[in-house]
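It should be emphasised that the depicted structure is a prediction, and the values quoted were computed from it without experimental measurement. Each chain gets a letter, A, B and so on, in the order its sequence line appears, and its residues count up from 1.
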2 protein chains.
Amino acid sequence: MAETKNAAKAAAKGSASAMNLPLDRIVQGDCIEVMNALPEKSVDVIFADPPYNMQLKDTLHRPDNSKVDGVHDAWDKFSSFSAYDDFTTRWLAAARRVLKDTGTIWVIGSYHNIFRVGAELQNQDFWILNDIIWRKSNPMPNFRGTRFTNAHETLIWAAKSADKGGYTFNYDAMKSMNDDTQMRSDWVIPICSGKERLKDGEKKAHATQKPEALLYRVLMSSTKPGDVILDPFFGTGTTGAVAKKLGRHFIGIERETDYIKVAQARIADASPADAEALGYNEGKRAQPRVPFGTLVERGMITPGTTLYDSHRRFAARVRTDGTLVAADSKGSIHQVGASVQGAPACNGWTFWHVEKKGQLYPIDVFRQQIWAEMH
Amino acid sequence: MAETKNAAKAAAKGSASAMNLPLDRIVQGDCIEVMNALPEKSVDVIFADPPYNMQLKDTLHRPDNSKVDGVHDAWDKFSSFSAYDDFTTRWLAAARRVLKDTGTIWVIGSYHNIFRVGAELQNQDFWILNDIIWRKSNPMPNFRGTRFTNAHETLIWAAKSADKGGYTFNYDAMKSMNDDTQMRSDWVIPICSGKERLKDGEKKAHATQKPEALLYRVLMSSTKPGDVILDPFFGTGTTGAVAKKLGRHFIGIERETDYIKVAQARIADASPADAEALGYNEGKRAQPRVPFGTLVERGMITPGTTLYDSHRRFAARVRTDGTLVAADSKGSIHQVGASVQGAPACNGWTFWHVEKKGQLYPIDVFRQQIWAEMH
DNA sequence: CGAACCTCTGAATCTCACG
DNA sequence: GCGTGAGATTCAGAGGTTC
């Protein structure tokens with residue numbers, strides 16, 4: 001069998017696959033101890049979703065007074081930044097040891113932890129290849145109106161060191177997944193919800209389950225069929241499920257029995273035939289929305305400019321935030337357009353015009369210009 | 001230094017103008033020294049675009065532009081990180097000192113430096129409010145096909161500390177600018193090119209000139225007209241030009257004479273928007289408080305009137321003092337609204353309605369009428 | 001059966017002026 | 001400084017129910 005032959009060869013070379021890796025299994029235990037018990041330089045890629053160390057204070061309510069079910073698990077609590085840094089240093093060192101010289105590591109996080117993880121990766125001589133932005137198409141809003149909607153998470157992709165090349169990057173696969181233009185460092189992917197979201201009774205099985213589409217892109221870009229992917233924070237096993245579907249091997253490490261049970265059932269259900277469905281939401285792109293404020297921000301229309309309707313019966317001035325002021329009303333281009341006409345609704349894009357050299361042009365021409373730039 | 005001491009005294013006593021700040025000027029010199037000579041707690045917002053030329057494989061530079069020898073040696077790499085960290089620690093400490101307690105700081109960077117900057121911000125007790133992704137609509141492709149197209153940069157927005165609130169976030173203006181949905185943490189903005197790109201002869205005047213649209217959004221979101229914005233790495237003055245256009249003050253710090261010349265000419269050319277155009281959607285929070293009792297006082301609502309929620313599930317009667325009585329509770333419109341629903345809180349203005357000709361109208365319409373009369 | 005409407009939920013560091 | 005209470009605040013998508 002090929003496996004025996006490879007194993008023999010590997011043994012001769014003193015390399016990994018001879019060493020009885022727990023392939024396609026979940027090992028229960030502390031990830032640092034378990035990694036340290038694995039042979040060194042034995043895995044191709046590591047995907048890690050460590051605790052984010054979010055420091056949530058009180059319970060948060062939506063405007064409709066319902067409670068937000070936040071992450072209050074003990075595993076996300078650290079006493080201080082330095083405790084978190086110490087943890088990060090130790091698990092990254094253990095990860096580095098088991099990673100092949102040609103291997104790469106992925107770590108996902110949010111602003112709560114990702115800067116500390118990134119700095120420590122650099123300190124340990126990992127060589128950052130990209131930082132990747134997972135842009136969530138349906139993030140949770142900011143319910144109190146105090147900040148920007150936190151609509152993304154960050155992944156860092158790094159090689160073992162600057163001079164150790166030979167890592168896998170499936171450039172062409174990525175390009176063809178992206179309508180034949182290079183895959184960019186920002187990925188638009190919905191959060192994990194609906195049927196994909198695993199339940200334990202009525203509650204969600206894990207507070208922070210990642211979408212399979214995200215892991216699909218990670219594994220498609222940076223591994224080959226048959227590669228070994230290690231996930232030291234396995235949770236409910238998204239990495240394992242996608243690895244199986246894509247014909248890769250996984251090694252999962254997880255402490256919590258409840259998560260392991262859910263993950264095992266899930267992976268048993270997964271089959272390589274499901275692979276196609278994973279790429280389902282790739283490629284389809286709707287016409288992006290262009291807010292009027294964008295034209296102001298980009299200097300296409302200056303604050304203070306007067307807009308007119310096509311017959312110059314009505315006028316309004318543009319303010320810095322992209323709202324309009326007319327004689328009796330303020331608001332969006334649509335609201336003010338409706339208001340001056342006494343109409344219930346109005347398409348401000350075609351109603352309002354700017355004057356250039358005595359001629360009136362509908363503001364929609366600027367929007368079309370932006371759309372054109374996007375292609 | 002006597003000058004600093006006096007200035008600090010002035011700061012303690014009073015307003016920004018009393019502090020003898022170099023408003024709307026470019027100060028030539030090392031940013032750490034210059035910031036340390038400014039009065040403490042004197043600026044509203046800091047925008048910083050620090051250097052990050054630290055990881056080029058062939059010629060590695062220290063922040064002070066001296067070359068690092070023996071680049072390919074791990075020890076030297078570490079030493080360059082540590083030099084960079086030292087620089088970051090010192091300029092951030094200086095920035096922290098000049099920032100008002102209610103101030104916020106913005107720092108922009110790429111994966112080469114942003115993780116180190118972010119970690120140091122947290123170490124110095126800054127409190128991260130958001131990390132923002134500037135998604136470039138027209139990035140430079142990855143020519144060698146070895147990585148994902150590096151199509152974004154990261155900004156960190158942070159308050160001085162977790163418990164010091166009172167920072168400016170123009171939530172409603174951002175929402176207006178974004179077609180009336182919350183502004184997200186990922187911003188799509190083109191890179192600086194074309195006419196906007198400043199030239200010094202035939203070459204570009206600055207290697208990393210930022211687009212004005214980016215600064216426009218930064219300043220619109222986190223400053224008020226008249227605020228003071230400090231930019232310790234002023235370059236060719238994008239921050240200054242946008243600040244001037246938006247009716248804000250700037251203080252620029254820059255070492256290079258060439259950049260200063262370009263920036264001065266550029267800012268002289270920029271012209272500020274007028275008062276009306278500088279207006280923006282400030283939202284309900286900025287409106288004067290109107291007690292519900294006022295509506296009763298003015299006869300807009302008669303004592304004894306019955307109020308309903310929008311589904312007519314709950315009812316309450318208005319008393320002469322502007323309090324409500326429901327089946328089991330008495331108190332303000334908010335207290336009774338919360339009480340009847342068994343909710344932790346309630347905005348009585350939008351919860352309660354009056355009936356006119358069979359139709360329900362929220363009591364907030366009367367308040368808006370009063371606001372309108374105040375203009 | 002489809003359209004319309006309602007309900008629920010997601011890695012969240014989520015208030016502030018006044019006494 | 002701290003307690004109190006007014007009053008401000010949500011988007012996309014999945015899934016279920018009603019008509």
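- Contact check for B/Lys284 versus B/Gln368: side-chain heavy atoms found under the 4.5 Å cut-off.
- For the P atom pair drawn from D/dT9 and C/dA11, the interatomic distance equals 25 Å after rounding to whole Å.
- Using a 5.5 Å limit on the distance between ring centres and a 30° limit on the angle between planes, the aromatic ring of B/Trp127 counts as stacked on the six-membered base ring of C/dT13.
- Distances shown here put a side-chain N or O of B/Lys175 below 4.0 Å from the OP1 or OP2 atom of D/dT10.
- Checking the phosphate oxygens (OP1, OP2) of D/dA6, a side-chain nitrogen or oxygen of B/Gln335 falls inside 4.0 Å.
- The closest side-chain heavy-atom distance from B/Leu129 to B/Trp106 is not below 4.5 Å.
- Side-chain contact check for A/Trp349 versus A/Phe292: some heavy-atom pair is nearer than 4.5 Å.
- The closest side-chain heavy-atom distance from A/Thr88 to A/Pro50 is not below 4.5 Å.
- OP1 or OP2 of D/dT10 has at least one side-chain nitrogen or oxygen of B/Tyr171 nearer than 4.0 Å.
- Side-chain nitrogen and oxygen atoms of B/Arg184 include none within less than 4.0 Å of the OP1 or OP2 phosphate oxygen of D/dA12.
- No hydrogens or angles were tested; on distance alone, a donor-acceptor pair under 3.5 Å links the side chain of A/Lys210 to the base of C/dA11.
- Rounded to a whole angstrom, the distance from the P atom of C/dC14 to that of D/dA12 is 23 Å.
- Proximity of A/Pro51 to A/Phe87: side-chain heavy atoms (C-beta onward) are separated by under 4.5 Å at one or more points.
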| Which parts of nucleotides 13-19 of chain D does protein reach within less than 4.0 Å, heavy atoms only, written one letter per nucleotide 5' to 3' as B for base, S for sugar-phosphate only and - for none? | SSS----
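- Checked against C/dA12, D/dA8, C/dG10, the side chain of A/Lys204 finds its nearest nucleotide in C/dG10.
- B/Asn178 has its side chain within reach of A/Arg289: a pair of non-hydrogen atoms, C-beta onward, lies under 4.5 Å apart.
- No side-chain heavy atom of B/Thr168 sits under 4.5 Å from any side-chain heavy atom of B/Thr223.
- Taking only side-chain nitrogens and oxygens, A/Arg144 comes nearer than 4.0 Å to OP1 or OP2 of C/dT15.
- Taking side-chain N and O atoms only, B/His334 has a distance below 4.0 Å to OP1 or OP2 of D/dG7.
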| query | ring pair (Phe, Tyr, Trp, His ring centres under 6.0 Å) between B/Phe169 and A/Phe148: does it pass, once the steps are laid out? | reply | CA-CA 9 Å; B/Phe169 177 55; A/Phe148 298 96; 4.9 Å; yes
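- Annotation: C/dC1 and D/dC19 have their C1' atoms spaced 12 Å apart (nearest Å).
- The neighbour count for A/Lys330 NZ, taken as heavy atoms of other residues, nucleotides or ligands under 6.0 Å away, does not exceed 12.
- Not one side-chain nitrogen or oxygen of B/Asn347 sits closer than 4.0 Å to the OP1 or OP2 atom of D/dT9.
- Residue B/Arg367 places at least one side-chain N or O closer than 4.0 Å to OP1 or OP2 of D/dA8.
- With the 3.5 Å cutoff on both pairing distances, Watson-Crick and G-U pairs in DNA chain D assemble into runs of at least 3 at C:2-10 with D:11-19, C:15-19 with D:2-6.
- Mapping B/Gln122 and A/Ile191 onto DNA chain C by nearest heavy atom places A/Ile191 closer to the 5' end of the strand.
- Toward the 5′ end of DNA chain C lies the nearest nucleotide of A/Glu202, the other residue of the pair A/Glu202 and B/Arg285 mapping further downstream.
- Taking the six-membered ring where the residue is Trp, the centroids of B/Tyr167 and B/Trp157 are separated by under 6.0 Å.
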